[in-house]
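What you are looking at is a predicted structure, and each value in this text was computed from that prediction instead of being measured.
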Amino acid sequence: MRKFIIFLILLGGLGYAGWFFLLEEPQIESGSTLVLKLEGEYVEDSVSALSQLIGSPPQSLVGLLSQLRRAEGDSRIERVLLRVRHLDIGWGQGGEIREALRALSEAKETVALLEYEGYGNLEYYVASAADRVIANPAASTPFVGLAAEFLFLGESFEKLGIEFEYERIGRYKSAVEGFAGRRMSDANREMQTALLDAMEARFLSQIAAARGVEEEQLRAAVAAAPTSPRGMREHALVDSVSDYAEVLRDLGNPALVDGETWARAASEAESATPPHRIALIYGSGVVVTGEANPRSGQVMASDTLAEALREASRDDGIKAIVLRINSPGGSPLASEMIWRAVRAARTEGKPVIVSMSDLAASGGYYVASAADRIVSRPETLTGSIGVFVLRPVLAGLFDKLGVGVDSLTRGEHADMLLLSAPLSPESRAVLRRDVAALYETFLTRVAEGRGMERDAVDAVGRGRVWTGDQALALGLVDRLGGLREAVALALEQVGVKPDAEVTLVEFPRPRPFLQQLADLAAPRSPSLGLAEAGRAVPLAPLPASLRRLLPGVAHLQPGAPLLLPTAWVEIR
């Protein structure tokens, strides 16, 4: 029966593909308005052919950025109208989309129509780069400033009879507080206050510059808390209040073309494939050992990335490698394996440029430090050079449940393998020694990669998270920008003009279509790990950063040292 289903899917997929390519190529009228919807999640990964043929494929951030870049030079497109709805992305991605929109505005008229409900700081931040910002009269657009919320589950776990033992290197390594603490430590408050202040400063300065107002005027608007489109208009945050039909009428009812139709249309100036080929490798999700499994969520798997780096570095047609990182970190072992793979690619003569997205922290930064150059968004959260281990003690829970526990050990420190009792002081010292050694390795890797002294790395490390702006000043990154700037820097590294046309080649190569079908049909494991559980329960109320973290956590060994920052806090 399974084979029959695969056969039907294959026939349907091929039929759909044939139908798609047999469609008559659309013709784009001169003076057209390109209508793009900005909404939902934009993945930092390749979109498989299978997902495009069955179901609704995820949206690709690179695809969106390419669309905006292509629109700049298409003379048939007079303007671009963006319908901005709820965005399930972080500030790094949001800033990159905003920068692409700002660049587009220099070549074309751009109009952003706000069609979201609720607190849309990031959505408005993105839209503010357009020439005109219009709010739908039925939209809910409160403008009340930024906020960050922190959860501490220590008391909740205590009520369940669960305690946590932990060791950490770095007073700012605050991830453990979410599990074992009841409130924010002074060091964590210092760090989070600095992050929120930096984000607010950029939020206000960028909007003020785009809207042509003073920052004090924006602060007054935040204090007034306009909660309706008309209130936004009174504070010069939007140019007008109109629905989609009214906007089109005000634009003179132009010829419209949607993104999908425009993508199928031939480029205005078809040319040969650009001679410069740059490898694009994605490092997204929690850093784990082994190979990436397409059914277990998005992870930054050591074997998969190492093979991609090896393949790209040995391809004579590839000039350089751009490693796109969107990761909170994870396994120290996997981080070290990928770090070595990046260094090996460089020894093959291929420059490696890291492009940071929303988050490239802890293990994610560990990997990045091996590259020739690092490009970060100003909004990116990065750094968090530190290590922690979190060990649950379940004796109280077992007691509450009436579970009797006996254990036998062989070895002076074999109690480290048990979860039913706290560690002995001697075993706790061994754990502390292990964490300290990992931190020293982390410092050494960053010092070697960044050309810094060990003590200088330690001074900006200790688990502290920085924004991209701050990281640039501290020498942790080389340049501010997004994927566009990273590609330009890669070209510079090989002696090519940074504005030259390039072809981005994704590695690893896409799996064959039939193999993708086989993966889809493979029987599931009978065990229910956190990766599956994370998708089975309704996660929408949780912060987006935590929902993205959950699929990868199941791959990490419980009780093992981790390179992770406070990943479940986000600024809204």
Over 60° means perpendicular and under 30° means parallel, so classify the ring planes of Phe442 and Tyr366, tilted if in between. tilted

Sidechain-backbone polar pair: Thr304 side chain, Met300 backbone, donor-acceptor under 3.5 Å: no

Would Glu177 and Ser185 count as having a side-chain donor-acceptor pair, cut-off 3.5 Å? yes

Would you say Phe143 and Val222 make side-chain contact, with heavy atoms under 4.5 Å? yes

Can you list the steps and then say if Asn188 with Tyr172 is a side chain to side chain contact (heavy atoms under 4.5 Å, CB included)? CA-CA 6 Å; Asn188 192 11; Tyr172 298 101; over 6 Å; no

Determine whether the aromatic ring centres of Phe388 and Tyr166 lie less than 6.0 Å apart. no

Do the side chain of Asp358 and the main chain of Gly92 share a donor and acceptor less than 3.5 angstrom apart? yes

Looking only at side-chain N and O atoms, does Tyr125 offer a donor or acceptor that is under 3.5 Å from a partner on Glu379? yes

Determine, for Glu492 against Arg373, whether the closest basic-nitrogen to carboxylate-oxygen distance falls under 4.0 angstrom. no

Identified side chain to side chain contact (heavy atoms under 4.5 Å, CB included) partner of Ser384 from the options Arg464, Lys173, Met191: Lys173

Might you confirm whether atom CZ of Arg432 has over 12 heavy atoms from other residues, nucleotides or ligands at distances under 6.0 Å? yes

Whether the side chain of Ser355 engages the backbone of Arg324 through a donor-acceptor N/O pair (distance < 3.5 Å, no angle test) should be reported. no

Ionic contact status for Glu167 with Arg433, cut-off 4.0 Å: no

Taking Arg462's backbone N and O only, do any of them form a donor-acceptor pair with Tyr439's side chain (distance below 3.5 Å, no angle check)? yes

So does Ala421 get a backbone contact from the side chain of Asp415, meaning a donor-acceptor N/O pair under 3.5 Å? no

Is there a donor-acceptor contact under 3.5 Å linking the side chains of Ser427 and Ser424? yes

Using atom types as modelled and distance alone, determine if a side-chain donor or acceptor of Arg377 lies under 3.5 Å from a backbone N or O of Gly95. yes

Specify the closest pair of heavy atoms between Ser331 and Ala334, including all atoms of both residues, with the distance to one decimal. OG-N, 3.0 Å

Quick check: do Val322 and Leu483 have side-chain heavy atoms less than 4.5 Å from each other? yes

Is it true that atom CD of Glu163 has more than 12 heavy atoms of other residues, nucleotides or ligands lying nearer than 6.0 Å? no

If you apply the rule side chain to side chain contact (heavy atoms under 4.5 Å, CB included), what do you find for Leu381 with Trp466, and how did you get there? CA-CA 6 Å; Leu381 298 182; Trp466 308 96; over 6 Å; no

Please find the pair of heavy atoms, one from Arg168 and one from Ser174, that lie closest to each other, and give the distance. NH1-CA, 3.9 Å

Please determine whether the number of non-hydrogen atoms from other residues, nucleotides or ligands lying under 6.0 Å from atom CZ of Arg189 exceeds 12. no

Looking only at heavy atoms, what is the nearest atom pair of Ala279 and Ala312, with distance? CB-CB, 3.8 Å

Say whether, by atom type as modelled, one donor and one acceptor occur between the side chain of Ser66 and the main chain of Val62 under 3.5 angstrom. yes

Using the side chain to side chain donor-acceptor pair (under 3.5 Å) criterion, which residues pair with Trp339? Sequence neighbours excluded. Ser369

Relative to Phe164, does Arg391 satisfy both conditions: NZ or CZ under 6.0 angstrom from the six-membered ring centre, and within 45 degrees of the ring's axis? no

Side chains of Glu158 and Arg182: closer than 4.5 Å at any heavy-atom pair? yes

So does Phe157 have more than 12 non-hydrogen atoms from other groups sitting under 6.0 Å from CZ? yes

Does the side chain of Ile321 come within less than 4.5 Å of Ile281's, by heavy atoms? yes

Could you tell me whether a side-chain N or O of Glu123 sits under 3.5 Å from a main-chain N or O of Leu87, the two making a donor and an acceptor? yes

Are Leu472 and Ser376 side-chain neighbours, meaning at least one heavy-atom pair lies under 4.5 Å? no

Please say which of Val487, Leu504, Leu323, Val502 ends up in a side chain to side chain contact (heavy atoms under 4.5 Å, CB included) with Leu280. Leu504

Between Glu485 and Arg479 (salt bridge meaning N to carboxylate O under 4.0 Å), is one present in this structure? no

With a 6.0 Å cut-off (strictly less than), is the heavy-atom count around CD of Glu440, excluding the residue itself, greater than 12? yes

Which is it for Leu196 and Gln192 under the side chain to side chain contact (heavy atoms under 4.5 Å, CB included) test, yes or no, and what are the steps along the way? CA-CA 6 Å; Leu196 186 59; Gln192 300 294 353; over 6 Å; no

Please indicate whether Glu190 has more than 12 foreign heavy atoms, meaning atoms of other residues, nucleotides or ligands, lying under 6.0 Å from its CD. yes

May I ask you to check whether Glu44 and Gln93 show a side-chain donor-acceptor distance below 3.5 Å? yes

Please examine the side chains of Asn121 and Trp91, heavy atoms only from C-beta on, and report whether any two atoms are closer than 4.5 Å. yes

Are any non-hydrogen side-chain atoms of Arg484 and Leu65 less than 4.5 angstrom apart? no

May I ask you to say whether Asp478 pairs ionically with Arg450, meaning some side-chain N is under 4.0 Å from a carboxylate O? yes

Ala395 backbone acceptor or donor facing Ser420 side chain under 3.5 Å: no

Check: Thr380 side chain, Thr382 main-chain N or O, donor-acceptor pair, under 3.5 Å: no

Under-4.0 Å salt bridge between Arg219 and Glu200: yes

